[in-house]
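All remarks here apply to the structure that follows.
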Amino acid sequence: NTVLAGHGLVKKYGSTTALSGVDVEVGERDSLAIMGPSGSGKSTLLHTLAGIVRPDGGQVLLRGERIDKLGENRLSALRRKRFGFVFQFGQLLPELPAEENVALPLMLEGMPRGQAVERARRWFAPLGLDGLERRRPGQLSGGQAQRVAIARALAVEPDVVFADEPTGALDQTTSTEVIRLLTSVTREQGAALVMVTHDADVAAHCDRVLQVRDGRISNHTQYTVA
Ligand code: ADP
Ligand code: ADP
């Protein structure tokens with residue numbers, strides 16, 4: 001049940017080798033944390049798996065189909081439909097209420113506004129956001145805003161959720177709450193989760209941790225056996 005795989009991924013920037021032959025797989029309801037020192041290749045790996053960065057070597061497969069050679073239009077359509085993204089901060093549109101931020105990816109897929117907002121609202125209770133549907137991002141706490149961002153990433157019911165330092169701007173208590181919800185709701189939805197984090201406590205909420213060093217995987221820890 002492999003959802004997403006990277007085989008022999010290589011990425012170079014001039015004379016810098018950001019990835020030198022990385023193999024990685026994630027399955028349904030599987031969560032993977034990528035850790036490692038600054039400059040080790042974590043972001044490049046996440047972006048390559050997400051079809052944002054093109055590898056110079058190797059392959060990226062989504063449910064067995066190669067996506068790294070797709071044309072830019074097909075690749076960006078695939079990202080919108082099959083991937084969800086959560087970033088550190090600043091990802092919500094400030095002028096839109098929370099529910100419309102969550103509905104936006106559905107509207108981009110052509111769903112009528114009313115239907116998209118109704119669908120979006122279904123994510124609020126599971127994420128502990130009941131009653132906050134009409135708040136604008138500026139009227140939300142950091143943790144609440146991040147939970148809205150998680151709802152938005154999940155709204156299209158993606159195959160994979162990518163999270164780049166999703167708790168990077170939060171205090172410890174809020175961070176624990178957000179990572180618990182991110183891992184549990186993603187799993188319940190049946191998606192895979194790939195995350196970059198500097199925080200070992202956050203990574204420990206994932207099923208597996210990949211340590212990256214100098215563009216290679218230096219260690220692979222399995223916390224739970226599926
Ligand atoms: P990390 O996320 O672990 O901090 P990155 O994946 O951002 O590491 O970077 C890995 C290496 O590739 C670093 O040496 C970085 O400077 C380099 N790099 C990343 N992106 C680019 C880019 N767009 N252009 C040039 N060098 C890059
Ligand atoms: P992160 O903190 O997530 O590792 P960075 O701040 O290192 O992100 O990088 C932000 C963006 O700049 C990324 O898209 C990365 O690929 C790019 N980047 C990183 N290093 C370089 C570099 N040396 N030259 C150009 N772009 C880079």
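When a ligand or atom number is given, it counts from 1 through the structure's own listing order. Quick caveat: nothing in here was measured; it's all calculated off a predicted structure.
- Checking each of Arg122, Arg121, Gln115 against Glu118 for a side chain to side chain donor-acceptor pair (under 3.5 Å) leaves exactly one that passes, namely Arg122.
- Val156 and Leu127 fall into different hydrophobic clusters, where Ile, Leu, Val, Met, Phe, Trp and Tyr residues are linked whenever their side-chain heavy atoms come under 4.5 Å apart, directly or through other members.
- Near Ser38, with a cut-off below 4.0 Å to any heavy atom, the atoms of ligand 1 are 4 (O).
- Enclosure of atom CZ in Arg216 is not indicated, since only 12 or fewer non-hydrogen atoms of other residues, nucleotides or ligands lie within 6.0 angstrom.
- Less than 4.0 angstrom separates some heavy atom of Ala18 from each of these atoms of ligand 1: 10 (C), 11 (C), 12 (O).
- Contacts between Thr16 and ligand 1 below 4.0 angstrom, taking non-hydrogen atoms only, involve the side chain exclusively.
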**OP:** Would you check, one step at a time, whether the test side chain to side chain donor-acceptor pair (under 3.5 Å) holds for Glu177 with Gln146?
**Re:** CA-CA 10 Å; Glu177 182 183 281; Gln146 233 18 16; over 6 Å; no

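- The contact set between ligand 1 and Ser40, taken as ligand atoms under 4.0 Å from a residue heavy atom, comprises 1 (P), 3 (O), 8 (O).
- The residue among Pro37, Gly39, Ser43 with a heavy atom at the shortest distance from atom 13 (C) of ligand 1 is Gly39.
- Ionic pairing of Arg152 and Glu99 is not present here: no N-O contact between side-chain nitrogen and carboxylate oxygen is shorter than 4.0 angstrom.
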